[in-house]
Amino acid sequence: MAAKDKKMKKIVRERSGKADSEPIPEDEPTTSDLETKIGAAFLFILSCAVYFVTMFPGLPMGDSGEFMVTAIDFGVAHPPGYPLFTTLSYLAIKLVPFGTPAWRVNILSVLFGALFNVTVYYVVSLVGKNSVIGLMTAGWIGFSRLFWMWSIQGEIFSLNNFFCAYIMLRAYYFESCSKENVLKEARMSALTCGLSLSNQHTSVLFIAPFALRVAYRVLIIEQKSIKDAFNIALYGIGGMAWYLQMPISHFLFTPRVTWGDFGSFSTFLKHMLRLDYGSSFKLVAGDSQGTFVSNFVAFVKDSSAELSVLPWAFGLFLFYTIATNVSHNLFKTIVKVFLAMMGCYFAVFCSLANIENPVGLSRGVLERFWMQPSIGLVILGGIGLCKFLIFVSEKVHPVLKNKYLQLALAILVISVQVKSNYKENDESDNWYAYHYAQSILPHLPENSVMLTGGDLPTNVFRYHTICEQIRPDVRVLDLQFMAADWFRDVLAPTTFAGIDIPGVYRPYKTSKLQKGQYNLKMFLDANIDKHAIFVCNSVRRDEESDYEKFYMQIPYRTCKRFIKRSDVVNPAELVETTPDTVLDEWPMPDIRKYEDRTWEHTLKVAYLNSLSEKGTLMWQEAVANKNSKNLRYLLERGAVMHARGVTQVENAISEGRLSEDSWQHMYVSVAGTMGHFCMVLHTMLKSEVPEERRLQLEECGRKYWKIYVHWTEVEKNKKHEAVVKELKSYLAMESMKDLNFNI
């Protein structure tokens, strides 16, 4: 051990330009190798334990379902394909002998989350020369809400966090190595970078400045040959060889779900470079665009909220030590490389990320990509803290150099961080995706076809039908897949055999379609007599209006079923016979825990909205058939159906299964519409309604409009305030005066 420390000191002197006889500066205390290893082992065990007991027991929502569905058959995920994570997930599913596929993949993220924490610990310990502060820094970031959350679910981000931290560790090893080992360290760094790119494309923004630094030292400082540089590049290419998983999947496997046709190099390259999204760093397809300033400000706000301002403060102190020439050359070089990584990320990602003013789920999408620069920020902050303690010890009092005091502080900080975020990140009883699947799949007719739009229904239903064999006869058909040029040749003949796919799906009116294209009406025409067809999430009614002339969407629990209008005699009676959404059948996500940026929040809103679907349909039918003899019946049955939903929510709130806040997701779709029903019914049928019924309608309208107005005032939403203003004008009309509404 003493010999190893002596060798490291020699390397530091050599790289910092100091003579052999000149001692290492006193402001850089060394840490024993044994202490460092003990700290790493402790942190790894602690991280695994905490992550494991809070891990998702089943399927997390979002992209996790897609990764697991593609991995189980060695398929390809959405661009850029994530081949390394897919392969590791495939091996976990096949080799781990127990647990559901989701549980096995979630365990992968737990392990890589723990390895990420250990890697951060090593970077700070080695660069800052203080393993205790390294422990504190790793615990601070590893047990923060965001990093903890992505370490307990089967997603690519835990592995990406590990690689980004490990690239920074490789940068330290490369900068501190001797001339004799420079090529070896360069090759190891290149291999690491290649592997990282096989998992997540954004890591290239850390890799690019590091690669330039490696090239500069190898070719300019050390005067190595072009052949040596080419050899280093081959290691990087070797790390990226995992992308061969995509053509291997295409030619040697028959996955039930895969994304793309990889029979040619051009389609392979298109997928790898995310060209379907417009560029490698667009987060969503489309022309929306954020700005560098707005994205950078968003990062500063989010990172300060997640990690506090302390990393920024200690990072600035570190920058001060560099700028005032307090540190030696090697230390400066390493820190500059880290700064270059963060600078590259901000310069590119903040300029190209196309989510502007993110709210709700889009906020959740964006914050995932703030983890990578946060890694650099916290590591630099940890190194800055090491420098700050030395500075204060010299200028104020040496007590802060005491390792036992530092260790006590580190344990306290980690304990506080775990306690503060434990409840919010405890997903050990999160079965919401499973309950969502159970809300509809067991109730579908045999061999049904489920059309889906969006990640929530698509990934949840697809995972449970394929990976857990819950109603495997039900085919989940994603509208986004149907619109892909490759879908008809790749998946239609296998996974969707027996379903007529007339061409390439486009959400246009029939008159706008080109040869080889079809719309929803044409799809329904070809399949409605062979399969029960459902839709979960909405279709684009503005451009798909052709189908509405011939087909109705009948609410069916949390989804809707397509029915030929020619087969419908009385829509109210038909709707009455379809299954209702029943809140009592499953636990509801707590809105106080799950903010609007989470999928759980989105699921809860979907549940609540489904309670009003039947009533809303009756209202739409009444409006479309104003002169029908069934008008009164449609209006009354719509009111009754809304009342059912309202009663369910009221009961759930009184029983404590829903919070009072749940009303804010119901007041437009239920309370507002319910009141409107009652008032319209009373106004249009006033002469025909008995006195007792008239009084019931008055009470109905009064009750639910008060709920509507109450939440409008609470939310201070200008759009809804305009609705209330219009309502008050409506109530002032002559025909409504006898209702005596006071709001």
Side-chain angles (χ1 to χ4, degrees), residues 56 59-96 99-113 115 150-151 153-164 192-204 237-263 267-274 276-277 280 368 455 458-460 462-463 466-468 476 478 480-481 484 486 490-491 494-495:
F56 281 83
L59 176 70
M61 287 174 278
D63 288 339
S64 294
E66 180 202 338
F67 287 125
M68 295 167 191
V69 167
T70 53
I72 199 169
D73 294 327
F74 208 64
V76 178
H78 66 273
Y82 311 98
L84 180 57
F85 184 79
T86 299
T87 303
L88 293 173
S89 299
Y90 172 78
L91 294 174
I93 292 172
K94 298 301 181 184
L95 298 179
V96 176
T100 64
W103 188 90
R104 301 175 203 185
V105 179
N106 292 342
I107 282 291
L108 272 182
S109 289
V110 166
L111 293 175
F112 284 113
L115 287 174
W150 291 106
S151 295
Q153 57 182 296
E155 260 271 19
I156 56 99
F157 294 100
S158 179
L159 182 55
N160 184 62
N161 291 341
F162 162 69
F163 271 123
C164 289
T192 299
C193 293
L195 290 170
S196 181
L197 287 173
S198 295
N199 176 66
Q200 168 68 309
H201 61 288
T202 57
S203 62
V204 71
I237 295 171
M240 293 182 64
W242 289 98
Y243 274 101
L244 294 176
Q245 181 265 341
M246 298 196 301
I248 290 173
S249 170
H250 177 83
F251 290 109
L252 300 182
F253 290 79
T254 308
R256 284 165 286 183
V257 175
T258 194
W259 192 303
D261 180 357
F262 304 101
T267 55
F268 166 82
L269 200 62
K270 179 181 179 182
H271 195 84
M272 179 180 172
L273 298 178
R274 290 170 54 92
D276 284 332
Y277 291 84
S280 294
R368 298 179 299 182
D455 290 339
T458 301
N459 295 334
V460 170
R462 193 177 272 164
Y463 167 83
I466 291 178
C467 296
E468 297 199 12
V476 180
D478 183 5
Q480 186 177 8
F481 269 21
W486 48 265
V490 176
L491 291 181
T494 54
T495 307

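Here the structure is a predicted model, which is why all the values come from computation and not from measurement. Note: hydrogens, waters and symmetry copies are ignored here, and every other heavy atom, side chains too, is used.
The side-chain heavy atoms of P60 and M68, taken from C-beta on, include a pair separated by under 4.5 Å. In this structure, the side chains of L491 and F481 come closer than 4.5 Å at one or more pairs of heavy atoms. Looking at E66 and D455, their side chains never come closer than 4.5 Å, going by heavy atoms from C-beta outward. Side-chain contact check for W259 versus P79: some heavy-atom pair is nearer than 4.5 Å. With contacts defined as side-chain heavy-atom distances shorter than 4.5 Å, the pair C164/N160 qualifies. Side-chain contact between S64 and N459 is absent, with no heavy-atom pair separated by less than 4.5 Å. Residues R274 and P80 have side chains in contact (heavy-atom distance under 4.5 Å, counting atoms from C-beta outward). In this structure, the side chains of L111 and F162 stay at 4.5 Å or more apart for every pair of heavy atoms.
A distance of 9.0 Å separates OG1 in T86 from CG in N199, rounded to the nearest 0.5 Å. For the atom pair CD1 (I156) and CG (N161), the distance works out to 8.5 Å, reported to the nearest 0.5 Å. Rounding to the nearest 0.5 angstrom, the gap separating the CG atom in L159 from the OG atom in S151 is 11.0 Å. For the atom pair CD (E155) and CD (Q200), the distance works out to 9.0 Å, reported to the nearest 0.5 Å. The distance from the CG atom of D63 to the OG1 atom of T458 is 11.0 Å, given to the nearest 0.5 Å. In this structure, the separation between CG on L59 and SG on C467 is 8.5 Å, given to the nearest 0.5 Å.
H78 approaches H271 most closely through the heavy-atom pair C-NE2, 3.6 Å. When all heavy atoms of G75 and P255 are compared, the pair lying nearest together is CA-CB, 3.7 Å. Summarising the geometry of F268 relative to Y243, their closest heavy-atom pair is CE1-O, 3.4 Å, with the distance given to 0.1 Å. Closest heavy-atom contact between N106 and G154: OD1-N, 2.7 Å. Shown here for F163 and S196, the closest heavy-atom pair between the two residues is CB-OG, 3.4 Å. Smallest separation of non-hydrogen atoms from G239 and S198: O-OG, 3.0 Å.
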Can you check ring-ring contact (aromatic ring centres under 6.0 Å, His included) on Y82 and W242, steps first, answer last? CA-CA 9 Å; Y82 311 98; W242 289 98; over 10 Å; no
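The side-chain hydrogen bond (donor to acceptor under 3.5 Å, both in side chains) test with R256 singles out one residue from T495, D73, T70, and that residue is D73. Of the options Y90, F262, F253, F74, a side chain to side chain contact (heavy atoms under 4.5 Å, CB included) to Q245 is made by F74 and by none of the others.
Side-chain N or O atoms of T258 include one that pairs as donor or acceptor with a backbone N or O of V76 at under 3.5 Å.
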